[in-house]
Each structure stands twice: as C-alpha cells, then as structure tokens.
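Reviewing the structure listed below.
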Amino acid sequence: MVTLPPGPPLVDDAAHDHRELAESFGSDADKYDRARPRYPAALIGAIVDRLPGPTVLDVGIGTGISSEPFRQRGLDVLGVEPDPDMAALARAKDFVVEAGRFEEWDPAGRTFDGLIAGQTWHWIDPDAGASGAASVLRPGGLLALFWNRELPSPELAAEFAEVFDSLDTGLPFNPWAAAPHADPYGSIIDRAAAGLRTTGAFGPVERLTFTRQSTIGRDAWLERASTSGGINRLPEDELDTLLRGMGTAIDAVGGTLLIDCTTVAALAERLPD
C-alpha cells in the first residue's frame with residue numbers, strides 16, 4: 001500500500017482515517033509495480049549501514065518495490081500487506097508476505113533488526129504504529145520510514161491542477177494544487193515522531209533528504225499518475241478526461257517532463273528496554 005500524487009495527498013488530514021484509499025492500489029498491481037519510482041541507492045545504503053543485523057520487516061510491502069534493494073544486499077525481508085493483490089505480486093517475486101494491517105498483525109513473538117516502511121507509514125495510525133514498531137524491533141534495531149515525491153515544473157503543475165479542478169472527483173485533495181514544500185511529508189514525519197515519543201522506546205528521529213532530477217516521457221508520467229491514491233479509484237471516464245488533459249499539457253511542452261525528485265526519510269533507533 002503506497003501513494004504517489006506529486007505531494008502528500010492528505011497533508012492536513014489523517015491519512016490513516018482513509019483506509020479505502022490505502023487499500024485500493026491492488027486494483028492494478030502490475031501497473032503499480034511497473035510505474036512507481038524506485039528509491040535512491042544512497043537512502044538504501046544509509047539504512048543498511050545502521051542495521052544491527054540482517055532481518056527486516058517491511059510494513060506495507062505492496063508489490064515489493066521497497067524490499068527489492070534490501071534483498072539485493074543480502075537481507076532477509078518479511079512483508080506485511082493488507083491488499084491481497086499487491087501481496088500476491090510480491091509473493092510472485094519470492095517475498096514472504098503475511099496478510100493484514102500492521103496495527104492488527106500478530107508477530108507471534110518474532111523480532112527484527114529493522115523495520116522499513118516505503119510510502120506507507122501515513123496510512124498507519126501513528127500511535128498504534130509506534131507501539132507495534134517498539135514491540136517487534138530488537139534493542140538497537142532501526143525504524144526507517146521513507147517516501148518519494150515527484151514534482152513537475154510549477155507551470156505544468158498548475159495546468160494539471162486546473163484539469164483536476166474541472167472534474168467532480170469527490171476526492172478530498174488536488175494533488176497538484178499546492179505549491180512545492182521545502183519539507184515534503186514533514187507534517188507526516190512530525191506525527192510519526194510524536195507517536196514514537198509516546199512509547200519511550202526510541203531515540204531521536206533523524207531526518208534525511210535526497211534530491212535529484214529525472215526526465216520522464218508523457219506516457220510514463222500518465223501511467224504513474226493513474227496509480228496515485230484516489231486517482232486510481234476514479235470512474236474510467238473521469239480518469240480518461242484527467243489523463244487526456246494532462247497529456248495535452250505535456251505535449252505542448254515537447255512531450256517530456258523534467259521532474260524534481262525528493263526522497264525523505266525518518267530514522268529512529270530502538271532503545272534498550
């Protein structure tokens with residue numbers, strides 16, 4: 001379970017109260033797996049360097065995008081995933097995935113050296129999630145929460161927002177309406193950090209930011225946008241209208257987009273009991 005409009009979809013709302021969005025990504029799991037961006041090697045290295053051992057729990061493993069780079073480095077990953085179609089695709093990649101929401105999942109006494117959550121922690125109640133993380137991480141274990149964010153130019157974002165506003169989507173957000181934030185997902189990380197503090201089981205939260213630019217073609221961008229939380233649930237005619245309008249705007253600037261990519265992460269160490 002993951003999200004990707006260019007900005008956090010429910011920045012001023014509690015995303016975990018909108019589980020119908022969180023658990024809708026499996027409607028086209030193959031497209032989701034194909035279209036979603038991967039995570040920078042520098043982030044993966046920063047996490048791996050801090051892990052005290054090889055066992056990792058991936059909360060909201062989805063199709064396995066977040067787990068792939070950790071397995072490639074020789075780590076032993078177990079996934080938890082509430083969406084059966086997403087989980088099935090991850091299992092097809094030979095990941096072990098257990099069904100359920102993390103807040104309700106029973107670890108059966110197992111503990112881990114690391115807990116990762118790629119593009120998912122905002123769908124989890126921050127207090128219940130923090131309590132669960134404290135219970136499954138060994139002392140010295142690492143909690144690593146991370147998100148990707150991609151922004152087109154302000155001019156294109158404004159055109160996308162105008163197309164979106166012309167539709168009666170019923171969604172509680174316009175993913176391209178907000179001005180770019182210097183601290184993407186900052187408010188979500190603040191909530192997560194507050195939840196961790198209530199447990200008394202974690203050290204200070206360290207924030208990391210990785211920035212880069214990439215060029216993406218029209219069709220690839222539209223496919224990626226169609227996998228965003230909420231947008232993926234639009235009726236076919238509304239989705240077609242949205243993508244057609246975005247495609248027209250992209251064609252007008254030559255058919256490709258220069259994207260500003262930001263990956264943010266929050267890391268915290270599990271303290272001794």
Side-chain angles (χ1 to χ4, degrees), residues 1-10 15-16 18-40 43-44 58-72 77-102 116-124 145-152 160 164 169 171 173 175-176 184-185 188 214 216-236 238-240 242-243 246-247 257 259 261-264:
M1 52 183 184
V2 207
T3 111
L4 178 86
L10 299 165
H16 60 272
H18 296 269
R19 295 305 293 250
E20 75 284 359
L21 298 182
E23 296 171 18
S24 66
F25 297 101
S27 59
D28 195 337
D30 287 323
K31 179 169 69 171
Y32 182 98
D33 187 64
R34 181 174 63 248
R36 286 298 179 113
R38 271 47 180 176
Y39 298 99
L43 166 69
I44 306 305
D58 188 344
V59 173
I61 190 174
T63 64
I65 291 172
S66 50
S67 283
E68 286 167 345
F70 293 95
R71 184 170 65 179
Q72 289 166 2
V77 182
L78 171 67
V80 179
E81 174 58 45
D83 187 310
D85 295 313
M86 301 285 273
L89 202 156
R91 292 187 187 109
K93 298 179 181 180
D94 293 325
F95 285 107
V96 177
V97 183
E98 297 185 4
R101 299 177 178 180
F102 179 59
I116 63 171
Q119 215 83 12
T120 63
W121 201 255
H122 53 289
W123 297 122
I124 294 167
L145 318 175
F146 45 93
W147 293 263
N148 281 324
R149 186 188 191 199
E150 298 184 312
L151 285 171
F160 295 168
F164 188 92
T169 67
L171 294 174
F173 61 91
W176 296 283
Y185 292 98
I188 290 171
S214 66
I216 186 171
R218 172 190 188 274
D219 292 345
W221 172 264
L222 296 181
E223 182 175 57
R224 186 172 293 181
S226 71
T227 70
S228 301
I231 291 173
N232 64 339
R233 301 174 75 238
L234 292 176
E236 185 175 354
E238 289 191 11
L239 179 61
D240 287 346
L242 173 63
L243 297 181
M246 294 172 66
L257 304 84
I259 302 298
C261 311
T262 302
T263 302
V264 295

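For the numbers below, each heavy atom of this structure counts, side chains included, while hydrogens, waters and symmetry mates do not. We count residues from 1, following the sequence as given.
For R71 and F95, the positive end sits near the middle of the six-membered ring, less than 6.0 Å away and at most 45° from its axis.
For S226, the side-chain contact (heavy atoms from CB on, under 4.5 Å) partners at least two apart in sequence or on another chain are K31, L239, L243. Taking the side-chain hydrogen bond (donor to acceptor under 3.5 Å, both in side chains) definition, one finds that K93 meets it with D33, E68, sequence neighbours left out. Residues that satisfy the side-chain hydrogen bond (donor to acceptor under 3.5 Å, both in side chains) test with S67, not counting sequence neighbours, are D58. The side-chain contact (heavy atoms from CB on, under 4.5 Å) test applied to D219 returns no partner, not counting sequence neighbours. F70 meets the ring pair (Phe, Tyr, Trp, His ring centres under 6.0 Å) test with no other residue; sequence neighbours excluded. Scored by the side-chain hydrogen bond (donor to acceptor under 3.5 Å, both in side chains) test, R34 finds E223 as partners (sequence neighbours excluded). Applying the side-chain hydrogen bond (donor to acceptor under 3.5 Å, both in side chains) criterion to E98, with sequence neighbours excluded, gives W105, R110.
Classified by interplanar angle (parallel below 30°, tilted 30° to 60°, perpendicular above 60°), the ring pair W176/F160 is perpendicular. Ring pair F146/Y39 is perpendicular by interplanar angle, where above 60° counts as perpendicular and below 30° as parallel.
Put simply, the residue from T63, T227, N148 that forms a side-chain hydrogen bond (donor to acceptor under 3.5 Å, both in side chains) with R36 is T227. Of the residues listed (L89, I65, N232), the one engaging Y32 in a side chain to side chain contact (heavy atoms under 4.5 Å, CB included) is I65, and it is the only one.
Between F102 and W121 the shortest side-chain heavy-atom distance falls below 4.5 Å.
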